Amino acid sequence: MNPLGIHALVWEGGWSRAECERAVRSTREAGYDVIEIPALDPAAIDVTHTKAVLADHGIRGVCSLGLDLDADISSPDPDVVVRGEAKLADALAVVTGIGGDYLGGAVYSALAKYDRPLDPRGRENMLAGLRRLARSAADHGVTVGLEPVNRYESNAINTVADALAVIEEVGEPNVVVHLDVYHANIEERDFVSPVVAAGDRLGYVHVGESHRGYLGTGTIDFPAVFGALAAAGYAGPVTFESFSRAVVSPDLSDRLAVWRDLWSDGMDLAVHARRFVADGLATAQARASGPPETMVVPAGDGRNRQLPDNPLG
Ligand code: MN
């Protein structure tokens with residue numbers, strides 16, 4: 001069974017000591033193994049306290065973030081790149097400080113609506129910055145995940161194919177694809193081909209509904225998602241992401257265009273999602289590992305059936 005995770009924004013908008021304690025306790029109570037902590041403001045995270053709270057509850061902590069337009073390793077402006085690399089270094093320090101082994105998200109770009117395509121010099125800066133991040137992450141046993149996000153949130157990596165090309169050019173073994181089905185729903189042809197393309201480079205998965213609310217109430221084809229993950233033998237984390245105006249992060253909610261209340265009770269949402277994902281994965285994995293299903297062949301294929309006489313003559 002894959003480790004199941006949940007994004008902290010289901011519980012709390014910030015990361016004060018009290019918010020950290022409530023979020024980690026709720027993560028355990030809802031039956032999850034992993035909490036994903038947004039590290040957009042690394043300085044706001046008390047790593048020593050967070051590490052202790054995670055240990056108390058037996059929960060694994062991972063971090064995600066997107067960069068900013070004025071601190072962006074995919075910029076052609078060297079000063080902006082320097083600030084982007086500093087932000088990534090701070091986020092990596094949070095991951096290692098809480099005892100985590102994973103840093104993912106739009107670590108390659110601002111999480112923003114760009115008004116032009118990725119600049120070629122910016123792309124070179126991005127590759128160099130990711131290479132440095134990956135090497136320093138490797139020193140701490142941390143894996144770096146590149147999460148393709150939709151075109152309204154980055155101009156650099158929108159598809160799994162984009163991510164694989166960047167991983168190839170970065171050339172470091174601890175860089176993986178972080179697939180998010182909410183973004184894939186916008187940018188990919190289907191939910192199977194990106195999983196097949198990523199292969200054993202797939203290292204982390206976000207499940208979220210098309211409107212970012214309750215799983216199963218939107219247009220994502222979850223049987224296809226879970227079927228693809230099972231067929232690929234994917235054993236990594238599957239983390240539930242959902243956002244509502246009911247829980248607001250000053251850093252993240254506006255950037256993700258979370259304008260609506262999709263839900264108000266995070267625990268109800270989380271318990272539902274936990275069951276939805278566990279059941280969906282278990283069903284798909286049983287099907288993938290079981291004997292081939294017997295195809296039910298209907299008696300006669302219809303092609304030779306006598307057509308009734310045309311009643312109109
Ligand atoms: Mn995501």
Side-chain angles (χ1 to χ4, degrees), residues 2-13 23 27 32 34-40 61-68 88 91 95 100 102-113 143-160 162-164 166-167 175-188 191 194-195 198 201-215 218-222 225-226 228-229 234 236-244 247 249 251-258 262-263 266 269-270 273-274 276-277:
N2 306 74
L4 299 185
I6 189 162
H7 194 279
L9 255 287
V10 170
W11 309 120
E12 299 290 338
T27 296
Y32 289 87
V34 178
I35 186 167
E36 182 177 317
I37 303 164
L40 284 93
V62 301
C63 288
S64 59
L65 82 161
L67 298 174
D68 312 302
L88 290 173
V95 175
Y102 184 76
L103 176 65
V107 295
Y108 51 82
S109 163
L111 201 58
K113 168 81 170 71
T143 297
V144 174
L146 306 184
E147 179 179 8
V149 297
N150 73 74
R151 63 193 70 187
Y152 308 109
E153 297 183 28
S154 173
N155 63 357
I157 299 181
N158 298 138
T159 64
V160 165
D162 292 340
L164 288 168
V166 169
I167 287 171
V175 184
V176 298
V177 175
H178 172 146
L179 175 70
D180 181 320
V181 302
Y182 163 82
H183 296 292
N185 182 54
I186 297 170
E187 299 295 349
E188 306 282 357
F191 295 107
V195 173
R201 280 294 200 177
L202 185 62
Y204 198 90
V205 172
H206 272 166
V207 288
E209 194 41 277
S210 52
H211 48 53
R212 300 252 207 201
Y214 274 79
L215 297 181
T219 61
I220 303 283
D221 183 354
F222 278 105
V225 170
F226 295 135
L229 295 176
Y234 174 71
V238 177
T239 292
F240 172 54
E241 268 196 322
S242 183
F243 304 97
S244 169
V247 177
S249 157
D251 296 317
L252 195 52
S253 297
D254 292 350
R255 269 205 252 187
L256 297 179
V258 180
L262 271 301
W263 43 265
L269 174 88
R274 169 74 177 69
F276 187 95
V277 174

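Everything quoted here is computed from the prediction, not taken from an experiment. Order of appearance sets the numbers: ligands from 1, and atoms from 1 within every ligand. The first residue of the sequence shown is numbered 1, and numbering continues consecutively from there.
In terms of distance to the Mn ion (ligand 1), the nearest N, O or S atom of Glu147 is named OE2. Residue Glu241 approaches the Mn ion (ligand 1) most closely through its N/O/S atom OE1. The minimum distance between the Mn ion (ligand 1) and any N, O or S atom of His206 involves atom ND1. Residue Asp180 approaches the Mn ion (ligand 1) most closely through its N/O/S atom OD2.
At a cut-off of 2.8 Å, His7 is not counted among the residues with an N, O or S atom near the Mn ion (ligand 1).
Side-chain atoms of Ile157 and Ser109, non-hydrogen and from C-beta on, never get closer than 4.5 Å to each other. In this structure, Tyr204 and Val62 have side chains that are in contact, with non-hydrogen atoms separated by less than 4.5 Å. Two residues are said to be in side-chain contact when any heavy atoms from C-beta on lie closer than 4.5 Å; Trp11 and Ile35 meet this criterion.
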inquiry  = Determine whether Val160 and Val195 satisfy the following criterion, side-chain contact (heavy atoms from CB on, under 4.5 Å), listing intermediate values before the conclusion.
reply    = CA-CA 8 Å; Val160 165; Val195 173; over 6 Å; no
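Between His178 and His206, the ring planes are perpendicular. Angles over 60° get that label, and only those under 30° would be called parallel.
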